[in-house]
Every structure is written in C-alpha cells, then in structure tokens.
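Quick notes on the structure that follows.
When a ligand or atom number is given, it counts from 1 through the structure's own listing order.
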Amino acid sequence: MNMSLKMPHTEFKGIELYGDLRQFESMVRHTSWRVGGVADCYYRPAGIDDLGRFMSVLPEDESLYWLGLGSNLLVRDGGIRGTVIATSPGLGGMDYLGEGRLRVEAGVASAKVARRSVAQGLRGAEFLAGIPGSFGGALAMNAGAFGGETWRHIAAVEMIDRHGQIHTYSATEFSVGYRSVQGPAQQWFVAGVLQLDKGSSEEGRGMIKTLLGKRGESQPIGLANAGSVFRNPPGDYAARLIETAGLKGHCEGAACVSDVHANFIINTGGASATQIETLIRFLQAEVQRVHGVQLETEVHVIGEAL
Ligand SMILES: Cc1cc2nc3c(=O)[nH]c(=O)nc-3n(C[C@H](O)[C@H](O)[C@H](O)COP(=O)(O)OP(=O)(O)OC[C@H]3O[C@@H](n4cnc5c(N)ncnc54)[C@H](O)[C@@H]3O)c2cc1C
C-alpha cells in the first residue's frame, strides 16, 4: 500500500477514510478522451474495506458512477451530479490462489493482469495486454480482443452493494454477451477470479508481444481516444461501415474520426465532450442513411450536457 494511504486522511459523516475524497473534481484527467465536466464528489478508496466504510454511510439516493481507468467513457461537459468511485489504484490486489486461479481486484490495470498471468505460468489472459482499462472495467464491459474475452475465463466475482456489503457470485449467475454483462442490480465489481490454463511463460510473453505489435499496426497510438466508439453490428464491422460511408478523417471541431481506424474518434487537442458526442450522432445518422444500419455506442456516455 502507498505510504500516504496508511493513515486516515479524511473524516466523512463520522467515519475515517484512508483514500482520497474530493469535491468538484474535473473528469478531464480521469478519462482517456481527456474531456468531461466536474463531478460533485470523487472518492478513490485505499482498498475494499475503505470503500465498504464509505458506502455504508452514503445516502440511499446518492447517484453513483463507477470509474476504472476511464478508457471507455464519455463524460459530458456539464459533469456529474453524484459521486464518482475510482477503483484505481486502491483496489490493486492480485493473488495466485493455486490450480490456475488468479484473484484480481477491480483497480488493477488489465495489462498488468496479462503480464502477471504469464509470469505465473498461466495462459489465456494474454489478450488483456493491450486493453488500456482496469480489470473492473474489463469485467463490466466483457472486454475482449483478438478472439479472447474476459468472461470466458471468469470463475467467480466479488461485488459490493450500496451498503458496502460484499457478495460473491459464480460466473454462471451472470448473463454475458458481446461487450455486455448483466448481473445483480445496484452492485459493482470489486474483484474477480480468473480460471486459467497452465502453460509456458515464454510462449505467453511471445504472444503478448505479437498482440501488441498487431495493435500498433491497426490503431492510433499516443492520441487521446476511447477505443472503439461503436459496437460491431452482427456480421459486420463498425469501422468498415464508417469508412465506406466516406467518413474517415471527418471532424467536428477538434474531434476527428481517426485516419488509422474509422471506429476511433480522436481528441486532436482541446475537443469538448459536446463535439465528440455531436460527431458520434453524425456518424450514426450517416451510416444509417448510407448503409441502413443503426450503430450502437460501445462507449458509455454519462453526465449532464452544458
Ligand atoms: C486505445 C484503446 C484501445 C482499446 N481496445 C479495446 C479492446 O481491444 N477491447 C475492448 O474490449 N475494449 C477496448 N478498449 C475500451 C476499454 O479499454 C475497455 O472497455 C476497458 O475494459 C474499460 O476499462 P476502464 O477501466 O477504462 O473502464 P471505464 O472506462 O472507467 O468504465 C467503463 C464502464 O465500466 C463501468 N465500470 C468500471 N469499473 C467498474 C466496476 N468496478 N464495477 C462496475 N462497473 C464498472 C463504468 O461505470 C463504465 O460504465 C480500448 C480503449 C482504448 C482507449
């Protein structure tokens, strides 16, 4: 644990908290698009116990927004009326339980899960290496790449409810699909247990290298974006539909469709969430007009418009 998190920092409704509690936090620095308004309240717990204490005293009707690494989120410019709970890096535990089972807390970066699993001589989680989110985000989104999908390897998860109580579920209690996961309402992931195959670390490392190389060739690197904006419609690719509608490179202010991958929108510098959302709606309308296909967003859009 970070030394600064060892001592209680803040008193909140009569309890002592170890994490970082802030009012009026700009979401710009917490999202990979580098846009978004101010959240009324932002809490970064030091660990699961700390989070439980915080939630146990929150008003029943407080609106909650869970944040991993913000790599799949568009926060509107008017910000968030409610509390943002940031799992990274506080929920950062990762432990090998034996028999191919790796327990990972929600705030661990997915790339770290991939590296740790191969170092442990486990195979199957390499695809997480290039996904720039948290493990909690991967659980919430059923993140996947190059044929791999998060929930294919999940044995069990731990969730927290509004009162700070932890519940353990087996993966079979969830309904899981392409970038979608349905489970208990009003509960959020604090950890998951991966069930992986045993195998060669050397081969696992080689696979990570290959997958990262492929990503570098097909995606814009080093520019502010949120990955694929739209879900692929059945039997097709959102990028193909956007590109063949002639929309590659199209901009709304400083928000532009990537020249490298048409399903990515880049903040080329100083874009607002409004510009990004306007471009999203424009792409949807144009793809509908040209191809007769309604694109659905994969990125989650939250918060209030200005
Ligand atoms: C360059 C780039 C490449 C990408 N490539 C891929 C890819 O190959 N495959 C892929 O699937 N995705 C990809 N993504 C999208 C994104 O990285 C994934 O969806 C990732 O899993 C999101 O994790 P996050 O921690 O950033 O989630 P966030 O963006 O912080 O949150 C996403 C959603 O998950 C919810 N959430 C987050 N944590 C929790 C929790 N603990 N409990 C409950 N709900 C939670 C949030 O409320 C929100 O609704 C890419 C993004 C970028 C920027």
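- What sits closest to atom 17 (O) of ligand 1 on the protein, heavy atoms only, is Ser71 OG, 2.7 Å.
- Closest to atom 48 (C) of ligand 1, if we only count protein heavy atoms, is His300 ND1, 3.5 Å.
- A donor-acceptor contact under 3.5 angstrom links the side chains of His167 and Asp161, judged on distance only.
- Not one N or O of Ile131 is nearer than 3.5 Å to an N or O of ligand 1, by distance alone.
- Arg76 and Glu304 are not joined by a salt bridge, as no carboxylate oxygen comes within less than 4.0 angstrom of a charged side-chain nitrogen.
- Evaluated by nearest non-hydrogen atom to atom 14 (N) of ligand 1, the leading choice among Ala129, Ala143, Pro132 is Pro132.
- Of the protein's non-hydrogen atoms, the one nearest atom 10 (C) of ligand 1 is Gly144 O, 3.4 Å.
- If you look at Ile302 next to ligand 1, there are no close heavy atoms at all, none under 4.0 Å.
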*Go through Arg289 and Glu286 one step at a time and tell me if the salt bridge (charged side-chain N to carboxylate O under 4.0 Å, His left out) criterion holds.*
CA-CA 5 Å; Arg289 188 181 65 77; Glu286 280 297 285; 2.8 Å; yes
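- Nearest protein neighbour of atom 8 (O) of ligand 1, counting heavy atoms only, is Arg215 NH2, 2.9 Å.
- At least one N or O atom of Trp66, backbone or side chain, sits closer than 3.5 Å to an N or O atom of ligand 1.
- For the pair Arg103 and Glu158, the salt-bridge criterion is met [side-chain N within less than 4.0 Å of a carboxylate O].
- With a 4.0 Å heavy-atom cut-off, ligand 1 is reached by the side chain of Ala140 but not by its N, CA, C or O.
- In this structure, the protein non-hydrogen atom closest to atom 27 (O) of ligand 1 is Gly137 CA, 3.8 Å.
- Polar contact with ligand 1: present for Ser134 (N/O pair, distance under 3.5 Å).
- Nearest protein neighbour of atom 31 (O) of ligand 1, counting heavy atoms only, is Leu73 CG, 4.0 Å.
- A salt bridge links Glu296 with Arg231; the closest basic N to acidic carboxylate O contact falls under 4.0 Å.
- Contacts of Ser110 with ligand 1, taken as heavy-atom pairs under 4.0 Å, are absent altogether.
- The shortest N or O to N or O distance between Gly227 and ligand 1 is not below 3.5 Å.
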Expected list for residues 240-248: side-chain donor-acceptor pairs under 3.5 angstrom, two or more places apart:
{"residue": "Arg240", "atom": "NE", "partner": "Asp236", "partner atom": "OD1", "Å": "2.8"}
{"residue": "Arg240", "atom": "NH2", "partner": "Asp236", "partner atom": "OD2", "Å": "2.9"}
{"residue": "Thr244", "atom": "OG1", "partner": "Arg240", "partner atom": "O", "Å": "2.7"}
{"residue": "Thr244", "atom": "OG1", "partner": "Leu241", "partner atom": "O", "Å": "3.4"}
{"residue": "Thr244", "atom": "OG1", "partner": "His291", "partner atom": "NE2", "Å": "3.0"}
{"residue": "Lys248", "atom": "NZ", "partner": "Asp259", "partner atom": "O", "Å": "3.1"}

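- Every residue two or more places apart in sequence or in another chain that forms a disulfide bond (SG atoms under 2.5 Å apart) with Cys256 is listed here: Cys251.
- Looking at Arg81 and Asp40, a side-chain N of the basic residue comes within less than 4.0 Å of a carboxylate O on the acidic one, giving a salt bridge.
- Between Arg179 and ligand 1, an N or O atom pair is found at a separation short of 3.5 Å.
- Atom 41 (N) of ligand 1 has as its closest protein heavy atom Phe189 O, 2.9 Å.
- Among the atoms of Gly70, some N or O lies under 3.5 angstrom from an N or O of ligand 1.
- Between Asn72 and ligand 1, at least one N/O pair is under 3.5 Å apart.
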